[in-house]
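Below you'll find the structure, written out as structure tokens, and then a few comments.
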Amino acid sequence: MPAGSTGVTGPAGFRAAGVAAGIKSSGGKDLALVVNDGPEQVAAGVFTTNKVQAAPVLWSRQVLEQHRLRAVVLNAGCANACTGPEGFQDTHATAEHVADVLGVGAIEVAVCSTGLIGERLPMDAVRGGVDAAAAALDAGERAGFDAATAVLTTDTVAKQALVRDPDGYAVGGFAKGAGMLAPNLATMLAVLTTDAVLGAEELDAALRAATRVTFDRLDVDGGTSTNDTVLVLASGASGVRPDPATFTERLTEVCSDLVRQLQGDAEGVTKTIDVVVRGAADEDDAVAIGRTIAEDNLVKTALFGSDPNWGRIAMALGRVDAQIDVDALEIAANGVTLFAGGTRAADRSAVDLSGREIEIVVDLHVGPHEATIMTTDLSHGYVEENSAYSS
């Protein structure tokens, strides 16, 4: 979705803002605020499964137990992770300040942070940023784009998505994330909004179903972040109560759009790679094999060099604890079958991987299940970006 197009402010009942609070040393936008004006404030969230969890994750998990949010405040430039009790107090104080400014309860405010681990938030800057963001709140397209921009770290572009259902409701959202992306429910920071009328259980089930096949299938580098959070807020402002299955489809569309944007803007990316695993005994096997191939550095460096080295793919999948029959196995790259029947099926020169998009297809021929893992190559740019990270 191009700059200026509507994301979180597309559905009715939402306002947003993004401001420069002085948290980032660059002076760019670094604090976002999204407010649900209702009439309903139903919410749900999924979070990182990393055992080392940032203070804002711990706080937002607690407030989401009520499945109700009036606002989300997000900052870039400081993860507020591994900062001890003081870091949690800073998160709590941030939520309280938002609550005071908006006239709501702190328990109705989720907090998200992204940036360098181990640093505490500059609270004077945060409070000033909250004040500025609250004054700038707006329901227009520009406000949504500003909010999407204010959460960026090593990302190069803001990422937004919007789907309007013919029945009269909408689902929108923004996301950030360019490195340390690895699934386990969520992969980065994302705020999703809808003006549909939904119960808490319906919204929670829809979010978990959508993230399972979208955010949970993006794996840039195998690193599960300390701060991963995906939140969805429902205002009910459309007055439309959708069929739960149809709403889940719409939410999945938005999540899928955002994930593709994340994949395309990953750190150092020169190739976007889909690893498609078919014919698996069960879905877990398909996901495990796809993820292992996607995370393998030998595979990723070969693809960076446009080298269809199917031997590296075979090596990677062969170390997975899954049902695999080597004689039935087929490996293809960009439509050319390179390995079948236990041996080479075509010369590697028959495959053209010089373009940006690559599809690796592994057909196990042992069952009916499949999964696609989205990943990227391992480039010089990725190494350079992560050898001196300071955002």
Can you give me the closest heavy-atom contact between V63 and A106, atom names plus distance?
CG1-O, 4.3 Å
For the pair Q263 (side chain) and I273 (backbone), establish whether a donor and an acceptor sit closer than 3.5 Å, ignoring hydrogens and angles.
yes
Going through the checks in order, is the side-chain contact (heavy atoms from CB on, under 4.5 Å) test met by L262 and F215?
CA-CA 10 Å; L262 291 169; F215 294 123; 4.2 Å; yes
Do the side chains of R260 and D274 get close enough for a salt bridge, i.e. N-O under 4.0 angstrom?
yes
Would you say the side chain of V73 lies within less than 4.5 Å of the side chain of V109, judging by non-hydrogen atoms?
yes
Enclosure of R61 CZ (heavy-atom neighbours >12, cutoff 6.0 Å)
yes
Does any part of the side chain of V171, heavy atoms only, come nearer than 4.5 Å to the side chain of F247, both counted from C-beta?
yes
Would you sort out whether D146 and K29 count as a side-chain contact (heavy atoms from CB on, under 4.5 Å), showing the intermediate values?
CA-CA 8 Å; D146 286 345; K29 288 185 173 64; 3.7 Å; yes
Per side chain to side chain donor-acceptor pair (under 3.5 Å), S113 is matched among N75, N80, T91 by N75
Within the side chain of E295, is there an N or O that forms a donor-acceptor pair under 3.5 Å with the backbone of T292?
no
Flag side-chain contact, heavy atom, 4.5 Å: L207 against L203
no
Kindly check if the number of other-residue, nucleotide or ligand heavy atoms within 6.0 Å of CZ (R164) is above 12?
no
Taking only Lys NZ, Arg NE, NH1 and NH2, and the carboxylate oxygens of Asp or Glu, determine whether D100 and R127 approach each other closer than 4.0 Å.
no
Work out which heavy atom in A150 is nearest to a heavy atom in G18; give both atom names and the distance.
CB-CA, 3.9 Å
Which distance, rounded to the nearest 0.5 Å, do you find between the CE of M123 and the CG of D90?
5.0 Å
Does CD in Q62 sit with more than 12 non-hydrogen atoms of other residues, nucleotides or ligands closer than 6.0 Å?
yes
Could you give the distance from CG (D377) to OG1 (T272), rounded to the nearest 0.5 Å?
9.0 Å
Inspect the surroundings of CG in D321 and state if more than 12 heavy atoms from other residues, nucleotides or ligands are less than 6.0 Å away.
no
N309 side chain near R348 side chain, heavy-atom distance below 4.5 Å
yes
Side chains of V52 and C82: closer than 4.5 Å at any heavy-atom pair?
yes
The test is side-chain hydrogen bond (donor to acceptor under 3.5 Å, both in side chains); show your working for D265 and T156 and say whether it passes.
CA-CA 7 Å; D265 191 37; T156 65; 2.4 Å; yes
Determine whether T270 and F304 make a side-chain contact, defined as any pair of heavy atoms from C-beta on separated by less than 4.5 Å.
yes
T211 (side chain) donor-acceptor with V46 (main chain) under 3.5 angstrom
no
Do the side chains of V213 and V254 join up, straight or via other hydrophobic residues, at under 4.5 Å, putting them in one cluster?
no
Treating H67 as the side-chain partner and V42 as the backbone partner, does any N or O pair qualify as donor plus acceptor under 3.5 Å?
no
If you measure from CG on D167 to CG on D243, what distance do you get to the nearest 0.5 Å?
9.0 Å
Ionic contact status for D296 with K300, cut-off 4.0 Å
no
Separation between NE2 (H369) and CG (L364), nearest 0.5 Å, reads 12.0 Å
Are more than 12 heavy atoms, taken from residues, nucleotides or ligands other than E357, located less than 6.0 Å from that residue's CD atom?
no
Of all heavy-atom pairs linking Q160 and A148, the shortest is CG-CB, 3.8 Å
N50 vs T224, side-chain hydrogen bond (donor to acceptor under 3.5 Å, both in side chains): CA-CA, chis, key distance, verdict
CA-CA 6 Å; N50 195 316; T224 304; 5.7 Å; no
Sub-3.5 Å donor-acceptor pair from the side chain of N36 to the main-chain atoms of R70, do we have one?
no
Check ion pair K159-D155 (N to O, under 4.0 angstrom)
yes
Can you give me the closest heavy-atom contact between A21 and G129, atom names plus distance?
CB-CA, 3.6 Å
Note: T214 and S256 closest approach over all heavy atoms is CG2-N, 3.7 Å
So if you build clusters from Ile, Leu, Val, Met, Phe, Trp, Tyr with side-chain heavy-atom gaps below 4.5 Å, do M188 and L251 land together?
yes
Between H97 and D131, is a side-chain hydrogen bond (donor to acceptor under 3.5 Å, both in side chains) present by the stated rule, with each step listed?
CA-CA 9 Å; H97 191 70; D131 293 342; 2.8 Å; yes
Before giving the answer on side-chain hydrogen bond (donor to acceptor under 3.5 Å, both in side chains), spell out for K176 and T153 the whole-Å C-alpha distance, their side-chain angles and the decisive distance to 0.1 Å.
CA-CA 8 Å; K176 68 77 53 184; T153 51; 3.0 Å; yes
Establish whether F88 and V98 are linked, either directly or via other cluster members, by ILVMFWY side-chain heavy-atom contacts under 4.5 Å.
yes
same_hphob_cluster(L121, V72) at 4.5 Å side-chain heavy-atom cutoff
yes
Within the distance-only criterion (no hydrogens, no angle test), does the side chain of S60 pair as donor or acceptor with the backbone N or O of V111 below 3.5 angstrom?
yes
Could you measure the distance from the CZ atom of F174 to the CG atom of L162? Nearest 0.5 Å is fine.
14.0 Å
Got a salt bridge between D165 and R250, using NZ or NE/NH1/NH2 to carboxylate O under 4.0 Å?
yes
Any non-hydrogen side-chain atom of E283 less than 4.5 Å from a side-chain atom of R212?
yes
Check whether T49 reaches the backbone of F47 with its side chain - one donor and one acceptor, N or O, closer than 3.5 Å.
no
Run the salt-bridge test on R241 and E40 with the 4.0 Å N-O cut-off and return the result as yes or no.
no
For the backbone of G342 and the side chain of D327, can you confirm whether one donor and one acceptor N or O come within less than 3.5 Å of each other?
no
Does the side chain of P11 come within less than 4.5 Å of Y169's, by heavy atoms?
no
Output, in order, the C-alpha distance, side-chain angles, deciding distance and verdict of side-chain contact (heavy atoms from CB on, under 4.5 Å) for D363 and E370.
CA-CA 9 Å; D363 199 329; E370 68 175 82; over 6 Å; no
List the atom of Q261, the atom of D257, and the distance in Å for their closest heavy-atom pair.
NE2-OD1, 2.8 Å
Would L378 end up clustered with L303 when hydrophobic side chains under 4.5 Å apart are linked, directly or stepwise?
no
Taking it one step at a time, do V275 and I313 satisfy side-chain contact (heavy atoms from CB on, under 4.5 Å)?
CA-CA 10 Å; V275 181; I313 298 170; over 6 Å; no
Start with the C-alpha distance between R120 and E86, add both sets of side-chain angles, then the distance that settles salt bridge (Lys or Arg N to Asp or Glu O under 4.0 Å), and finish with yes or no.
CA-CA 8 Å; R120 287 185 60 185; E86 294 82 4; 5.3 Å; no
What I want to find out is whether R291 reaches D219 closely enough, with some N-O distance under 4.0 Å, to be called a salt bridge.
yes
Gap separating the CG atom of D307 from the OG1 atom of T301, nearest 0.5 angstrom:
9.0 Å
Backbone N or O of A158 within a donor-acceptor pair of the T149 side chain at under 3.5 Å?
no
